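Remarks on the structure that follows.
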Amino acid sequence: MNSKLTALVDADNFYVSCERLFRPELRRRPVAVLSNNDGCVVARSQEVKDFGVKMGTPVYQIRNLIKSRGIHVFSSNYELYGDISNRVMRVLGRFSADREVYSIDEAFFRLRQDQAENLCEQIVSACWDWLSIPVKIGVAPNKTLAKAATEIVKQEKLSKRFLIISRPEEIDEILKKLPLEEVWGIGGRLAGKLKRAGIASPMALKSLPEEYLRHHFGVVTARTAAELRGSVCFDLENQPRPQKNLCYSRSFGQCIDNGPELRQAVTDYATEAAAKLRKQHLKAQSVSVFILTDRFKSEAPQYANSASFTLTPAINDTLPIVRGALKALNRVFRNGYAYKKCGVLLNRLIPEDQTQPDLFIPENPRDKGVSAAMDIVNRRYGAGSLVLAGSGIRNQKWRMTRRCRSARYTTQWSELPQVK
DNA sequence: TCTGGGGTCCTAGGACCC
DNA sequence: TCTGGGGTCCTAGGACCC
């Protein structure tokens, strides 16, 4: 009875819950959070889901609904969500050190079966009482089934905010309710391929021989099926794995058709990417840049390309990374297109303290100084306070729009909520 | 007018080596 | 007429996740 189970804690409509935290009057009102540039809906309160608004719906398609139903709309405020996420994870950490932070709003746990019920109740209460963040929990023999259990808790609006399944008949009962594409690891394309092969449900998937699945659908699908049968194939990862790539990309507020403005955007994005790299104490061995036209404007000429530039030795200073990114941009830029998006990727990352100094190319103390100054000023006075002149100063058509962003309540002194 | 961003892993195929 | 085999590494593309 003391076997170990896996739990998944999942915050309800996380971005919406974060917005409601400082606007409690919105608790039972319809609320939606938008992607960058206020383009798509990326988080919906239950009320908005009940209106039939799907994840990723372009905002312009639901303008009327927003008006007629009085949906409260927020631009995304990732500084706020990131900070609240850290607080949630700290609270969860008090219940078990055997925990994996899986995403901004989810964490896996290992817990003893005889303690599961009690722990779930405590976790639900703690998240709500201390942070006003509602969570749901699924508990099962492995990650895939814990995900499935969480999905059922969400779909069925159970009286409890958690569901514990361990016996085979309990597992089958929830698998019979779960659509194939809701299985963790089975996305839309794979579900279509499986269905064409006559495999239409999680129960059908789990009954197939390992060898057959591996051969026709790959090793990951075979493992997923094994987890549906109750074996453990995906372990808990307490230590975050070292990151291998880092990307900073944004769609532009307005399309850009000329080199100088594109260079501004690339300079800005490379500056941001380099700052992220230093924050994580990593260095990159190459930088690449991609540019894209607007794929939704089918009548306009389309173009997409990318190029990379090797950084030797590995580096994390802003100036050389920006120079490398601009060289890569020069190789792919073509006149005559309206560009909608670009991105800067830093590849083959290695920990700062494991890099080999190059005998022939000494580190440039000036580059180091510039990076350090930017980090200090931007930490103290807010992101974007000290930038390179190459990013441009005004009329940045490329800069994204966020018309309805809430305040950065917890990460900017000047935006602290006020109690009157 | 208006359609997100940031990751990971697996696989197949080609280059290269012995 | 007859033209190897096996291994590694790298990359691009495709799938998945939130």
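Note that the structure is predicted; figures quoted are calculated from it, not measured. Numbers restart at 1 for each chain; the letters A, B, ... are given by sequence-line order, proteins then strands.
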- Item | Separation of dT1(B) C1' from N37(A) CG (nearest whole Å) | 13 Å
- Would you mind classifying the nucleic acid contact of I186(A) as base, sugar-phosphate or nothing, using non-hydrogen atoms under 4.0 angstrom? sugar-phosphate
- Quick one: do L292(A) and N305(A) satisfy side chain to side chain contact (heavy atoms under 4.5 Å, CB included)? Show the steps, please. CA-CA 7 Å; L292(A) 305 170; N305(A) 207 347; over 6 Å; no
- Lys/Arg N to Asp/Glu carboxylate O, R408(A) vs D83(A), below 4.0 Å: no
- How would nucleotides 10-15 of chain C be written as a contact map, 5' to 3', with B for base contact, S for sugar-phosphate-only contact and - for no contact, using protein heavy atoms under 4.0 Å? -----S
- Item | Under-4.0 Å salt bridge between R323(A) and D367(A) | yes
- Rounded to whole Å, the CZ-P distance (F217(A) to dC9(B)) equals 23 Å
- Using the C1' atom in both, what is the distance from dC2(B) to dC18(C), to the nearest Å? 25 Å
- Message: For Y78(A) and Y81(A), take the angle between the two ring planes, folded into 0 to 90°, and tell me which bin it lands in: parallel under 30, tilted 30 to 60, perpendicular over 60.
- Response: perpendicular
- By a strict heavy-atom criterion of less than 4.0 Å, which residues belonging to residues 82-107 of chain A are in contact with DNA chain C? Y102(A), S103(A), D105(A), E106(A)
- Message: Base, sugar-phosphate or nothing for V41(A)? Non-hydrogen atoms, less than 4.0 Å.
- Response: nothing
- Message: Categorize K193(A) for me: base, sugar-phosphate, or nothing, with a 4.0 angstrom heavy-atom threshold over every strand shown.
- Response: nothing
- Query: Looking only at side chains, do S288(A) and N347(A) share a donor and an acceptor under 3.5 Å apart?
  - Reply: yes
- Task: Give one of base, sugar-phosphate or nothing for R214(A), where a contact means two heavy atoms less than 4.0 Å apart.
- Result: nothing
- Query: Considering only side-chain heavy atoms of N36(A), which listed nucleotide, dG6(B), dC17(C), dG4(B), is closest?
  - Reply: dG4(B)
- Task: Report the nucleotide, chosen from dC18(C), dG7(B), dG6(B), that has the shortest atom-to-atom distance to any side-chain atom of L246(A).
- Result: dG7(B)
- Message: Salt bridge check, R241(A) against E237(A): does any charged N sit closer than 4.0 Å to a carboxylate O?
- Response: yes
- Query: Counting only N and O atoms by type, is there a donor-acceptor contact under 3.5 Å from the side chain of R20(A) to the main-chain atoms of R27(A)?
  - Reply: yes
- Nearest-angstrom distance from the residue atom CD of Q280(A) to C1' of dG6(B): 11 Å
- Message: Taking only the C1' atom of each, what is the distance from dG4(C) to dC16(B) in whole angstrom?
- Response: 16 Å
- Note on the structure: Winner on side-chain proximity to Y60(A), out of dT3(B), dT8(B), dG4(B), is dT3(B)
- May I ask you to say what V220(A) touches in the nucleic acid, namely base, sugar-phosphate or nothing, with a heavy-atom cut-off under 4.0 Å? sugar-phosphate
- Note on the structure: Of all heavy-atom pairs linking I62(A) and T57(A), the shortest is CG2-CG2, 3.9 Å
- Message: Between the side chains of K143(A) and E100(A), is the shortest nitrogen-to-carboxylate-oxygen separation below 4.0 Å, so that they form an ion pair?
- Response: yes
- Whichever of C40(A) and Y248(A) has its nearest DNA chain B nucleotide further upstream toward 5': C40(A)
- For the side chain of R241(A), counting heavy atoms from C-beta on, which of dG7(B), dC9(B), dG5(B) is nearest? dC9(B)
- Is the distance between the ring centroids of Y15(A) and F74(A) less than 6.0 Å? no
- Item | Closest to side chain of K276(A), choosing from dG7(B), dC2(B), dC17(C) | dG7(B)
- Answer yes when E272(A) and K276(A) have at least one side-chain N-carboxylate O distance shorter than 4.0 Å, and no when they do not. no
- Message: Closer than 4.0 angstrom, basic N to acidic O: yes or no for D38(A) and R402(A)?
- Response: no
- What dot-bracket string describes DNA chain B from 5' to 3', counting Watson-Crick and G-U wobble pairs whose defining distances are under 3.5 Å, with [ ] for crossing pairs and | for pairs to another strand? ....||||||||||||||
- Ranking dC9(B), dG7(B), dT3(B) by distance to the side chain of D294(A), first place goes to dT3(B)
- Can you tell me the distance, in whole Å, between the CE atom of M55(A) and the P atom of dT3(B)? 17 Å
- On DNA chain B, nearest-nucleotide positions of C247(A) versus K340(A): which is more 5'? K340(A)
